[in-house]
Amino acid sequence: MVRPKAKTRKFLKISELADQAGVSPRTIHFYIQEGLLPPPEKTGRNMAYYDPACVNKIRAIKKAQTERFLPLVVIGRILRENGYDYSTLATRAPDREAPTPPPQPILLEHISGGALMEFKKRGWLGSDRPADWTEADRRFLGFFLRCLDLGLSQEKFRQVFETIQALIEEVVGTEFQAWGGKTAHDQDLSSLERRVVQEFMDQVRRRRLAAALRRHRRSLDNAAMAIGDEGYGLPGAAIADDLKAMEGQLKIRPADHRLLIDLATGYSCTGELDRSLALLRRVLRRDQDNVAARVRFCWYRRFSSRREGPLKWRDELIELLRLYPESIMGHIFLAVWLAGDALESNHHQDSQHLINSSLAELARAEKLPAGDLHEWALVRYSRGLITTYLLPFLGDLEPGVQALNEVLARRQALDQYYAQRMPFFPKWLWPNLLSLLGLADLKLGRFQPAAEAFRQALAFQVSGPFAEKVEAGLREAESSLKTEGRSQAGGRT
């Protein structure tokens with residue numbers, strides 16, 4: 001298809017947009033999926049062109065992430081609430097001395113007399129009588145009430161401040177040992193020392209808090225971006241009892257390798273990849289040729305590796321499959337891996353090669369006889385994941401939807417199977433599968449089944465970002481159903 005010359009000058013290829021905005025093509029695809037960016041103008045099956053205004057929109061999103069530490073789910077909410085005015089994402093210039101907010105009225109009925117007495121006894125409150133409270137007392141109690149509203153218990157609040165107090169007391173002891181005697185008789189020096197140490201502590205606190213917020217944001221973003229990817233989706237509490245019961249089996253009998261690998265799978269579902277890798281190392285120390293453990297080890301290093309880079313482990317997995325071409329799980333993981341890499345590629349030719357390689361690996365897995373119900377389910381699930389979510393632009397979602405529905409049709413048999421082997425796995429499988437079905441049905445304009453799939457997914461205990469994504473899909477499906485209903489009613493009149 002020949003494009004007009006004016007469009008060549010005005011619009012950008014995804015590689016050009018990625019270069020100018022300083023992000024990967026996969027990030028751009030994800031932003032579009034999440035509704036953070038407008039969709040491109042399609043000119044062919046695999047060709048799309050982007051408005052140059054997207055460069056500044058992407059920069060605004062990245063700036064909100066890096067400077068305000070906002071997770072993508074929050075950025076999406078801000079954009080929706082402000083009519084996609086990207087200037088609302090701009091970070092506020094930090095004041096050197098932030099203005100003190102006006103004191104809020106303290107609702108005494110929400111604070112027990114025991115809490116006031118305890119705070120007074122510990123020296124955290126100047127008085128337990130409201131008439132004698134200072135501004136600092138009111139701020140402290142206002143913060144205490146906000147923490148209670150957020151679900152933090154009084155006991156946890158006390159423990160946190162006890163820990164902070166102990167650390168400060170240790171700092172003061174260190175200060176005094178270092179120069180307390182020298183500054184004791186020099187009032188000016190003593191005052192300067194207190195100010196310098198306080199400023200130093202504030203700087204350290206700001207740096208550490210910023211780093212913690214960045215890690216937290218990355219964790220939230222990873223959970224949202226990997227909605228269909230094993231490694232994220234479940235809070236640890238959702239399957240803690242199941243994993244504990246499985247670990248109990250290790251004490252009763254010699255640890256068999258499959259049990260250790262299944263446990264590694266369980267910890268990966270909550271993102272605890274270090275524990276997963278430790279369990280796999282335990283298998284490989286005893287049996288270095290265990291293919292199942294080696295395959296999963298490469299897969300989990302893809303997420304956790306930083307220094308070597310994921311390509312090292314992808315190449316390791318490719319070599320494993322050359323030696324052990326009958327590994328269904330190896331072909332599945334490599335197919336998903338290559339599909340993800342296709343989205344990262346800046347070059348159309350490389351991207352097309354990765355897409356073809358991904359589909360070839362998936363076909364190899366489908367041709368091999370499944371060793372058990374678990375392998376069969378994951379092969380069909382992977383077909384759905386790749387063709388409806390990772391590579392939806394291939395144009396035909398129906399085979400992926402059919403594959404997901406085939407797994408869903410055997411839900412009872414799978415639940416019975418997993419109850420004996422991996423009781424945690426249905427808690428990961430069904431919400432992920434249902435969310436993928438919902439998203440695919442949404443794209444196909446089947447709003448009623450999409451809404452039902454999203455509702456079923458939300459019945460499970462899942463991570464916050466996962467739930468936010470599913471809830472957004474449900475809202476869109478329900479809104480579309482209402483629009484359809486109004487249109488049908490209008491047609492009848």
Side-chain angles (χ1 to χ4, degrees), residues 228-273 275-284 286-287 290-297 299-300 324 326-333 336 365-366 368-385 403-437 456-457 459-463:
D229 217 356
E230 185 180 358
Y232 298 95
L234 293 182
I239 60 173
D241 291 341
D242 296 324
L243 297 179
K244 187 176 179 181
M246 291 175 68
E247 286 176 338
Q249 297 177 37
L250 297 175
K251 300 174 184 177
I252 328 176
R253 66 172 191 263
D256 64 82
H257 293 164
R258 194 176 82 163
L259 177 58
L260 289 168
I261 294 170
D262 287 349
L263 266 171
T265 303
Y267 282 113
S268 80
C269 289
T270 64
E272 295 183 72
L273 297 183
R275 297 189 73 168
S276 297
L277 290 167
L279 289 161
L280 295 175
R281 288 190 185 97
R282 188 171 168 184
V283 174
L284 294 172
R286 301 176 182 181
D287 179 9
N290 188 298
V291 180
R294 289 177 67 182
V295 163
R296 282 195 175 273
F297 193 85
W299 177 246
Y300 297 150
Y324 305 99
E326 73 284 357
S327 171
I328 288 181
M329 296 304 296
H331 291 297
I332 289 173
F333 286 145
V336 175
E366 290 172 330
L368 291 167
D372 53 32
L373 201 54
H374 178 58
E375 282 193 342
W376 173 85
L378 288 188
V379 170
R380 304 310 293 145
Y381 175 85
S382 298
R383 163 66 66 180
L385 168 64
L404 295 172
N405 277 317
E406 286 173 11
V407 179
L408 198 57
R410 300 185 70 178
R411 183 169 179 171
Q412 184 176 357
L414 283 163
D415 283 343
Q416 290 174 352
Y417 174 85
Y418 287 126
Q420 301 301 316
R421 177 180 169 184
M422 292 189 289
F424 63 83
F425 201 71
K427 300 172 186 176
W428 176 88
L429 175 62
W430 301 127
N432 274 276
L433 184 146
L434 288 163
S435 68
L436 291 174
L437 264 179
Q456 290 185 46
F460 290 84
Q461 187 179 355
V462 294
S463 66

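Throughout, residue positions are numbered sequentially from 1 according to the sequence presented. Here the structure is a predicted model, which means the values were calculated and not measured.
Annotation: side chain to side chain contact (heavy atoms under 4.5 Å, CB included) contacts of Glu247 (sequence neighbours excluded): Leu263, Tyr267, Arg275. Taking Arg410 as the reference, Leu373, Trp376, Leu414 meet the side chain to side chain contact (heavy atoms under 4.5 Å, CB included) condition, with sequence neighbours excluded.
Side-chain contact between Val407 and Trp430: present, with at least one pair of heavy atoms (C-beta onward) separated by less than 4.5 Å. Residues Ile328 and Ile332 meet the side-chain proximity criterion, which asks for heavy atoms closer than 4.5 Å. At a threshold of 4.5 Å between non-hydrogen side-chain atoms, the residues Leu250 and Arg282 count as touching. Counting heavy atoms from C-beta outward, Ile261 and Leu280 have side chains that approach closer than 4.5 Å. At a threshold of 4.5 Å between non-hydrogen side-chain atoms, the residues Val283 and Phe297 do not count as touching. Residues Phe460 and Leu434 form a side-chain contact, since some pair of their non-hydrogen atoms from C-beta on lies under 4.5 Å apart.
Taking CG from Leu433 and CZ from Arg380, the interatomic distance works out to 11.5 Å, rounded to the nearest 0.5 Å. Atom CZ of Arg296 sits about 8.5 Å away from atom OG of Ser276, to the nearest 0.5 Å. One finds the CG atom of Leu260 at 6.0 Å from the CG atom of Leu279 (value rounded to the nearest 0.5 Å). Rounded to the nearest 0.5 Å, atoms NZ (Lys427) and OG1 (Thr270) are 12.5 Å apart. Rounding to the nearest 0.5 Å places CE of Met329 at 12.5 Å from CG of Leu368. With values rounded to the nearest 0.5 angstrom, Glu366 atom CD is found 12.0 Å from His331 atom NE2.
The shortest non-hydrogen separation linking Cys269 to Phe424 is SG-CE1, 4.2 Å. Heavy-atom minimum distance, Pro426 versus Asp415: CB-OD1, 3.5 Å. The shortest heavy-atom contact between Asp256 and Leu259 is OD1-N, 2.8 Å. The shortest heavy-atom contact between Ala403 and Gly384 is CB-N, 4.2 Å. Pairing each heavy atom of Ala237 with each of Gln461, the nearest pair is CB-NE2, 4.2 Å. In terms of heavy-atom proximity, Ser435 sits nearest to Ala457 at N-CB, 4.2 Å.
Here salt bridge (Lys or Arg N to Asp or Glu O under 4.0 Å) pairs that include residues 369-378, with residues two or more places apart or in two chains, are Asp372-Arg421.
Using a 30° and 60° split on the angle between ring planes, Tyr418 and Phe425 fall in the tilted class, from 30° to 60°.
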